[in-house]
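Following: one structure in structure tokens, then a few remarks.
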Amino acid sequence: MLKFLKGVVGSGGGIKDLPYNIGEPYSTAWGGWAHFRGTSKDDNSPVSIFSYTGSNAQDARLAAARNGAKRLRVVRHPNVLAFLHSTEVENIDGGVAKPTIYLVTEPVMPLSEKIQELDLQGTQRNEYYAWGLNQIARAVSFLNNDCKLQYDWLVGTQFKSLELAKSDWTTIRKSPPWALDSWGLGCLIYELFSSAKLAKTEDLRNTSQIPKTLLPDYQKLLASAPVKRLNSAKLLENSEFFHNKLVETIQFMEILNLKDSVEKDVFFRKLPTLAEQLPRPIVTKKLLPLLSSALEFGSAAAPALNPLLKIGSWLSQDEFNVKVLPTVIKLFASTDRAIRVGLLQHIDSFGAGLSTQVVDEQIFSHIATGFADTSAFLRELTLKSMLLLAPKLSQRTITGSLLKHLSKLQVDEEPAIRTNTTILLGNIASHLNDATRKRVLINAFTVRALRDGFAPARVAGIMALMATAEYYDATEIATRILPHLVVLTVDSDSDVRTRAFQATEQFVQSLKDYYSKLQSGDPTAVAAPAANVASAGSLGLLGWAVGSLASKKSNDLSSAPAEITSGSTIMTASASQTAAPPSIATHTSAQPRFHVDEPATASPTSNDGWGDAQDQAFGNDDEDEKDGWGDMDLPAEPALALSRIRAAQQKPVTTQPKPVATSTSSPVKHISRPGVHRKG
């Protein structure tokens with residue numbers, strides 16, 4: 001045996017083959033054991049390491065320690081420390097070989113230090129004590145009633161029951177299996193509420209600090225006759241002290257699989273408010289992991305998402321990334337539409353912590369299914385989430401996938417979605433590459449948005465043009481933007497006219513300033529001439545145009561979270577906006593209002609997602625170009641358009657002579673345009 005023990009000791013006196021690092025010791029331990037902090041050599045995860053050193057190989061206490069380590073290896077229970085590893089070595093002390101047992105468990109700390117760290121008071125303190133005693137009583141009940149184990153003599157004299165102190169083994173053998181440990185549980189209750197160590201057995205009679213609801217059971221635990229002592233299992237069943245919000249909440253989560261859907265729904269909808277009333281350290285360390293596990297493995301439905309994220313908001317960013325974010329990432333793959341809605345509604349609370357790799361490779365493909373969902377409410381939530389997620393996407397994902405979806409949403413049947421798509425494009429323009437911006441922005445904002453039958457969509461197009469003005473050169477402004485804006489100065493909607501005049505004036509002024517600098521040789525003239533448009537008060541994150549989709553969610557999403565509320569339909573630009581933001585109608589327009597003196601174009605809702613496409617199609621091998629805007633009915637090439645304008649300017653202006661009336665008595669007078677008559 002000794003030869004074997006020497007084999008596990010390294011030549012330098014270290015512990016051979018122990019896959020854990022031994023750290024600093026705790027200030028207190030129990031029963032001759034030393035308690036150390038420790039970490040795994042594999043992943044640096046925390047553990048607790050206990051050691052017991054015998055005086056010699058025949059030490060009876062050492063034999064009991066070995067037996068305890070052996071028992072712990074095979075005993076598995078939620079309220080018993082989880083065994084991880086054990087080994088035994090010889091340490092040389094003063095020339096004498098002393099065997100030492102090392103026992104590694106899940107991380108724990110002395111109860112006295114934990115109580116001091118939490119510093120709970122009043123009701124929250126008693127609730128925490130009740131929950132802790134509940135866990136201990138369960139463990140003791142399991143060891144006594146199921147395993148038929150008893151504590152023996154490895155306790156201090158002050159903790160020994162009367163029969164054990166007298167070594168009355170006959171009485172002990174006749175006693176029920178829980179008798180000795182019930183006495184020990186009473187000793188623990190005394191120390192817990194008196195906040196002092198038990199010095200002698202007589203101190204147990206001092207019950208002034210014991211809660212009144214626990215006192216009768218405390219006295220039964222310490223009955224002088226072993227057969228009359230209260231079984232720890234009965235303590236949990238009968239004591240009023242253990243019926244409180246914290247204990248009942250955690251117990252509900254622990255048996256969640258046994259609850260029906262109605263019970264779960266009621267519980268999770270009350271949990272965010274209830275969690276505020278419970279000891280926060282216990283909620284974050286105990287309840288939060290239970291919530292994460294329940295959602296991840298399907299025993300909890302969408303209503304559990306709200307309390308998970310609310311409790312997660314109490315954590316630091318680093319803790320949130322470790323304890324909550326992995327579960328959230330997995331939930332994006334859920335087929336439960338209500339869970340997807342909940343994630344998108346709360347994405348502002350966790351989206352910043354998502355890495356670009358996670359968004360691009362793991363999350364986006366799942367979120368993108370919402371772009372084509374039959375629920376308009378989910379389509380709009382998916383769209384809005386891109387304001388936060390699009391900057392984290394690769395250019396390939398943006399051009400190859402995101403823009404395809406946005407192209408279809410810009411001709412969605414819901415006016416608010418069409419409007420918000422335009423707004424999103426304006427907000428993410430800085431994250432597109434130059435070639436994509438050239439191909440997409442002007443087409444999306446003019447050919448589609450400015451021709452939309454929904455007035456707020458036209459307003460959004462104007463605002464988006466102004467917000468992205470820095471990306472357009474002089475030719476694009478003159479030939480592709482201003483012609484569309486000028487038409488809107490006679491729009492039937494006053495908000496559209498106001499914005500159109502503002503944009504037209506600012507774009508024209510930017511051209512004047514640009515050519516003025518160009519003629520004077522100013523080197524800054526090489527920049528985009530419309531950069532000044534942005535500084536004129538229209539740049540900044542464009543506000544969402546929120547439609548009345550939330551009011552229709554009950555029809556589209558019968559299981560959507562109840563806390564969704566309908567907001568007013570408002571579209572705003574930045575706080576520095578010079579013009580007042582227009583209100584947007586909260587109804588789905590039945591008949592589009594077309595612009596004055598402009599032929600009625602086909603409603604965007606009737607398009608197939610590709611706009612006014614020309615006859616030629618995309619190349620089959622170039623998927624990145626198929627985003628829906630590149631082949632629209634574009635105006636003539638800028639150079640050709642300019643040449644036509646110049647040619648028209650050089651044409652002589654001719655006037656036709658006024659015709660002479662053939663009869664003065666005729667009631668009808670002829671004017672210069674044949675076929676048009678006016679009554680005199």
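All residue numbers refer to positions in the sequence shown, counting from 1.
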Atom of [X], atom of [Y] and distance for their closest heavy-atom approach:
| X | Y | result |
| --- | --- | --- |
| Ala233 | Asn145 | CB-ND2, 4.0 Å |
| Gln121 | Asp119 | NE2-OD1, 3.1 Å |
| Ile347 | Ser385 | CD1-CB, 4.0 Å |
| Ala69 | Leu103 | CB-CD1, 4.2 Å |
| Tyr190 | Asn206 | CE1-O, 3.6 Å |
| Glu106 | Ala82 | OE2-N, 2.8 Å |

Which residues share a salt bridge (charged side-chain N to carboxylate O under 4.0 Å, His left out) with Lys264, sequence neighbours left out: none

Distance from [X] atom [atom1] to [Y] atom [atom2], nearest 0.5 Å?
| X | Y | atom1 | atom2 | value |
| --- | --- | --- | --- | --- |
| Leu305 | Leu343 | CG | CG | 5.0 Å |
| Ser51 | Ile22 | OG | CD1 | 7.0 Å |
| Arg71 | Cys147 | CZ | SG | 8.0 Å |
| Tyr128 | Leu118 | OH | CG | 5.0 Å |
| Leu290 | Lys285 | CG | NZ | 14.0 Å |
| Asn126 | Leu120 | CG | CG | 10.0 Å |

Answer yes if the side chains of [X] and [Y] hold a donor-acceptor pair under 3.5 Å, and no otherwise.
| X | Y | value |
| --- | --- | --- |
| Ser27 | Glu113 | yes |
| Asp336 | Ser334 | no |
| Thr335 | Arg340 | no |
| Ser316 | Asp318 | no |
| Asp146 | His77 | no |

Donor-acceptor pair, [X] side chain versus [Y] backbone, under 3.5 Å?
| X | Y | value |
| --- | --- | --- |
| Asp373 | Leu378 | no |
| Ser232 | Ser141 | yes |
| Ser313 | Lys310 | yes |
| Asp181 | Gly184 | no |

Quick test of your reading of the model: are [X] and [Y] salt-bridged, counting only N-O distances below 4.0 Å?
| X | Y | value |
| --- | --- | --- |
| Glu163 | Arg229 | yes |
| Lys234 | Asp217 | no |
| Glu24 | Arg37 | no |
| Lys98 | Asp59 | no |

Side-chain heavy-atom pair [X], [Y] within 4.5 angstrom cut-off:
| X | Y | answer |
| --- | --- | --- |
| Phe320 | Phe350 | yes |
| Phe83 | Val74 | no |
| Ile49 | Thr105 | no |
| Val358 | Lys392 | no |
| Pro110 | His35 | yes |
| Ser182 | Leu230 | no |
| Phe50 | Ile101 | no |
| Ser175 | Leu180 | no |

Tell me if the [atom1] atom of [X] is crowded by more than 12 foreign heavy atoms within 6.0 Å.
| X | atom1 | value |
| --- | --- | --- |
| Lys114 | NZ | yes |
| Lys220 | NZ | no |
| Glu237 | CD | yes |
| Lys212 | NZ | no |
| Glu117 | CD | yes |
| Arg76 | CZ | yes |
| Glu240 | CD | no |

Partner residues of Ser365 under the side chain to side chain donor-acceptor pair (under 3.5 Å) criterion, sequence neighbours left out: none

Check against ring-ring contact (aromatic ring centres under 6.0 Å, His included), Phe193 and Tyr129: CA-CA 9 Å; Phe193 287 98; Tyr129 285 180; 5.2 Å; yes

Exercise answer: donor-acceptor pairs, residues 241-255 side-chain atoms, under 3.5 Å, sequence neighbours excluded:
from: Asn244; atom 1: OD1; to: Leu246; atom 2: N; distance (Å): 3.1
from: Asn244; atom 1: OD1; to: Val247; atom 2: N; distance (Å): 2.9
from: Lys245; atom 1: NZ; to: Gln277; atom 2: OE1; distance (Å): 2.9
from: Thr249; atom 1: OG1; to: Lys245; atom 2: O; distance (Å): 2.6
from: Glu254; atom 1: OE1; to: Arg138; atom 2: NH1; distance (Å): 3.2

Verdict with reasoning, Glu88 to Tyr52, per side-chain contact (heavy atoms from CB on, under 4.5 Å): CA-CA 9 Å; Glu88 186 172 337; Tyr52 188 90; over 6 Å; no

Residue pair Asn306, His346: steps toward the side-chain contact (heavy atoms from CB on, under 4.5 Å) verdict: CA-CA 8 Å; Asn306 192 34; His346 294 90; 3.2 Å; yes

